[in-house]
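Written out below as structure tokens is the structure these notes cover.
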Amino acid sequence: MSSNGNNGFFRRLSYNIGLVIIALMFVFFSLVSDFFLSIPNVLNILHHGAILGTLALGVTYIIILGEMDISFANLMSFASVLVAIFLRYGYSSLVSIVFATAISVLLGTANGFFVGYRGYSSIAVTLATSNLFLGLNYTVSKGRPIYAAMPDTFLAIGQNSIIGVPISVILLIIVSVVTYFIIHATSYGQKLYAVGSDQDSARVMGINVRLVKLVAFITASIYVAISAVISTSRLGSGQPIVGSPYFLETLAAVFFGKAISRQNVSTVIGTLTGTVVLSILFNGVTLLGLPSYIYQLVLGLVLIFAMLATIKRRTKMV
Amino acid sequence: MSDIVLEAKGIYKYFPGTEALKNVNFELRKGEIHALVGENGAGKSTFVKILTGVYSMSLGRIKIEGNEVKIRNPLHAESLGITAVHQNIAYIPLFDVSTNMFMNISGKVILDRKYKAKLREKARNYIDQLGIELPLNVPCGELTPSQLQTMSLARAFSKNPKILLADEVTSSLDRDEIEKLFKQLRKLREKGVSIIYITHHLDEVFELCDRVTIFKDGVCVNTHEVSSVSMEQVVREMTGKILNKNRIREPVRVPANSRALLVVKDLSDNIVKHVSFSLEKGEILGVTGLVGAGKTEIAHMLFGVTTPKSGEFYLEGKKCHFKSPSDAVKNGIYLVPEDRLRDGIIPDLSITWNMTLPVLNKVLNKFKFINNKHEKNLVQGVANKLSVKYASLNQRIKYLSGGNQQKVITGKAMLAGLKVCIFDEPTQGVDVGARREIYSQITKIAEDGKAILVCSSDIEEIMTLCDRVIVLRKGSIVAEKHITEVNKEELALLCQGLQR
Amino acid sequence: MKRLMAFLFKNSILLIVLAVVLYFCLRVPGFLSITTLKNILMNSIAISIIALGLTFVLSVNKWDVSIGSTASLSAMTTCYLIQVSGGSTFLGLVGGLAVALLCGFLNGLLVAKLHFEDIVATIATQSLFFGLAFLYAGGYEIYKNMRPSFRFIFNGNLGVVPFVLVLTVVIYTIADIFFRKKKIGRWLYSTGNNPRAALFSAVPVERVIMIAYLLSGLFAGFAGILGASEHGRAWILLGQGYLLTGYCVVFLGISIFEKPTPFGTLLSAFFISTIRTGFVMENVIYYLSDIVIGLLLLGAVVVSNEKKIVHQNYKVGEL
């Protein structure tokens, strides 16, 4: 049987490692490609990061709980399509966004209900709902992009900047601040960590575990809707497959953040760090002209690294 | 009467098909420590659950400080001044002590930068009042069971209770830690808290409590002043039987020149330090010491759960290299683990499957397929020998009572064709009546020619059951004696590292 | 009345499936025919093979979401080897199955030996395998040099009966025997229910989990190879639908038989295939079947869980 595993090295990892990795990546890619530090490229990184970051922050709630969600990418695709459809029917930006978000929330509630109130395995439920969302998506989009005449205000979200900073990034910043507040300063945030740490004790100590889980899934769906809006606005159309590539990336970002945290928990800073790392990585890989499947390979490896860094927890069969 | 803080009159509790409590009358005086004893199933826990608001009573009246109350739920009970601490403490491993004591459940927002520090102050306040020490900036997942129990007490105290229910709180504690806990309970009494103390360990009752109430078959049999009743009488009223404190059999003395069945040389791991001893066929060797002294660690090394850092052990002269429990079982060493639910049973599998799991080779036919009939006979035989109470051998083992589950686990040992059987805390959580049964089973196994190792922090148990005893302290052996050469007090002192 | 409701709920998914099948029998012309039956059976082959592997993994209470990628990778490997060897089916098969075993071994290593969380580990390996599958042909199909011997695996007949059908039945029979009558079956279930207690009961838990993942990989790969044999070529997205349908099938089996069993899986594979075939015959739009399978999986999850919960409330013995 195994003896106690290596604790020392990985225990001393902290967010500093994240900064070091980011710095290293910056140096590497700027050496390798002249284009890396140019304005259009930086904007690309920022836009990608805004969408990825919003998604990752939403999924963070669920990972803190100790649950999993594999339906968020398909939900994002569906929401993107919905926004475009509403705009095509002539609704205003605001109304379209609200409607799409409302439907996202409804679907997120389904996840939350089955996982929270009925206590089913989150992966089983989200596996099923993932395909439900895909099916719904194709039902309304028939698999084809949705084009619409979008008002300038709407397109501004994903395409314009204020004093050089893209609006999407400003949105991400606002979302980050709000998320930080919720997770680290409210009692709900504390309950999230409590449930994630020991669900049964949390219940005995008076926490309404079911409600906490339900709210987490609902909240996550709001973040998904926001990222869908940014994406649709940036692309100027509703693309039915827009969410798929974000699936692995988002999980990698969140788990990366979890791996580099001191107490092996998911945090806002950790998730944001992971987002930055992965946005740069994605951009760098594209710049180097590597085919996209290499990125998939790399993402798989990033996830494995993130898990290796948490090996301190798993020395024995318990 | 102004000094009765809790009065329960005519309490009845019905469950579908059973009458759990019948006309229970109980009163708690202010400032007393009042013990509740009774066998498993006698009704103590039901009564406690009614007081803490987990169950509602079917009939009866409860008065707190003279005012009649209807306890609706645990939160309501708390607001009425009734708090409980249990054997299994609910805590969040990630959070530190102060957060676990004062979790922010209803509050909304923490904008105060000094919040954490304030919380620690608050926690320190209560902890100091109890005269204890706890590290405040460590996640609770790293605390020992004793420290967790202390935190649990401090947490209960911080709710300013009138009545504290302590339910089997000493189960995972050793002598040392129990002393500390008693000190804390007495401190609480000084602060005006009245305590109901539920336990299986009668010696604790006589050491700590003022009065004792005995439950039997759902009825309150009697209430005595501890100073005017004997343990024999208490046991008699609890079980209807005479307490038999005698040994099951006379201590066995194995001649010095026979080849030992099990020889342990210099065994070490993180906690255990250079332990050596030998074990003979037919003898029962006790390993005792405080919690954390290394008893379970030795058991795990001998059973292949962990690998020793250094040292070795020999079975029948052959050196053992166990990489897992299956190696150990193949060689004839079996362990009955301490934590029955976690380590001992596969809850959703049937009794039969559970019992034959380590010894599937015995139920295979010549083509290596499982012979169900043969299996059933085997299991039936053992189950009858141990008088296990079950509805059907195919029912899921989780539906059996704890005591019966323990019997099934012991039955596994009996099927295993073993040479050495290790028992880790064999009667933890078991009441007085059933304990003796387990002791006779263990003795029977020894008389069958097997070698037995009993790891236990219960010195009474060691004295009753074992032929020889090894005392561990901080991982090393500090004494090795034949049971006739030592008495209870000496053993207790040796565990503490002291000597007469 | 209450007992009737309980019975209906417990078997609700099964009843729904039967209802759908009945609907097809009545509404779709030509549904009740030998040809249809043969279609259904052939359509259920690949999914029943991959679901068998999943049955092992789920019986130890673990997840493997990399099976789709494993299928694709194995299929691509097989066809690539056939192509470069000038048509050696044997080499292709050996190579493809070997790769499948390696995939399973990696998963087993991560989950069983290194104790990583199964979901995260297999999500990672899923992308790893998928990425590797690209390496063969940069995303294009591999189709050259396919000999009849390779195509025979899926399309050939032994007399009247398709070879692959016989193969599937044989494999399932062996699996069923192992589950019920050999040590490994008990070991699987006990590891899934309480791994620590299983360890203390002399079950080689790590080895058992490793075996489960090895089998999952092996069968996933084999299913992929079957797909390639059926169509005479391998393409990157070959394994795409396997994940959802595979889990749906196994969960359906669990919801009927209260634990993962080969027989339950086989039966469910047959049912699901019936529904799928019926949809195709009715010319229903393809994504609708995705929704239906998704709903069925959800329903199967609900029923399996509710059954467990209902049982847990029944207590015998002390308080």
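Side chains are part of it too, since the values below use all heavy atoms of this structure and drop only hydrogens, waters and symmetry mates. Here is the naming used below: chain letters follow the sequence lines, and residue numbers restart at 1 for every chain.
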What part of C/Val292 gets closer than 4.5 Å to chain A, counting heavy atoms only: side chain, backbone, both or neither? neither

Inspect the surroundings of CD1 in A/Ile241 and state if more than 12 heavy atoms from other residues, nucleotides or ligands are less than 6.0 Å away. no

If I take atom CH2 from residue C/Trp63 and atom CD1 from residue A/Ile70, how far apart are they, to the nearest 0.5 angstrom? 7.5 Å

Pairwise side-chain contact, C/Phe251 with A/Leu127, heavy-atom cut-off 4.5 Å (strictly under): no

Under a 4.5 Å cutoff for heavy-atom pairs, which residue among A/Val125, A/Val298, A/Ile123, A/Leu251 has the most contacts with chain C? A/Ile123

CG on A/Leu132 to CG on C/Leu297, rounded to 0.5 Å: 8.5 Å

To the nearest 0.5 Å, tell me how far A/Leu299 CG sits from C/Leu128 CG. 11.0 Å

To the nearest 0.5 Å, tell me how far C/Ile123 CD1 sits from A/Leu303 CG. 7.0 Å

Roughly how far, to the nearest 0.5 Å, is the CG atom of C/Asn61 from the OG atom of A/Ser121? 8.5 Å

Give a yes or no on whether C/Tyr80 atom OH has more than 12 heavy-atom contacts from other residues, nucleotides or ligands under 6.0 Å away. no

With chain A, the option among C/Phe130, C/Phe134, C/Phe129 that has the most non-hydrogen atom pairs under 4.5 Å is C/Phe134

Kindly indicate whether the side chain of C/Ser304, heavy atoms from C-beta on, has any atom under 4.5 Å from the side chain of A/Tyr120. no

To the nearest 0.5 Å, what is the distance between CD1 (C/Ile291) and OG1 (A/Thr139)? 3.5 Å

Top of C/Ala124, C/Cys248, C/Ala121, C/Gly294 for chain A proximity - count of heavy-atom pairs under 4.5 angstrom: C/Ala124

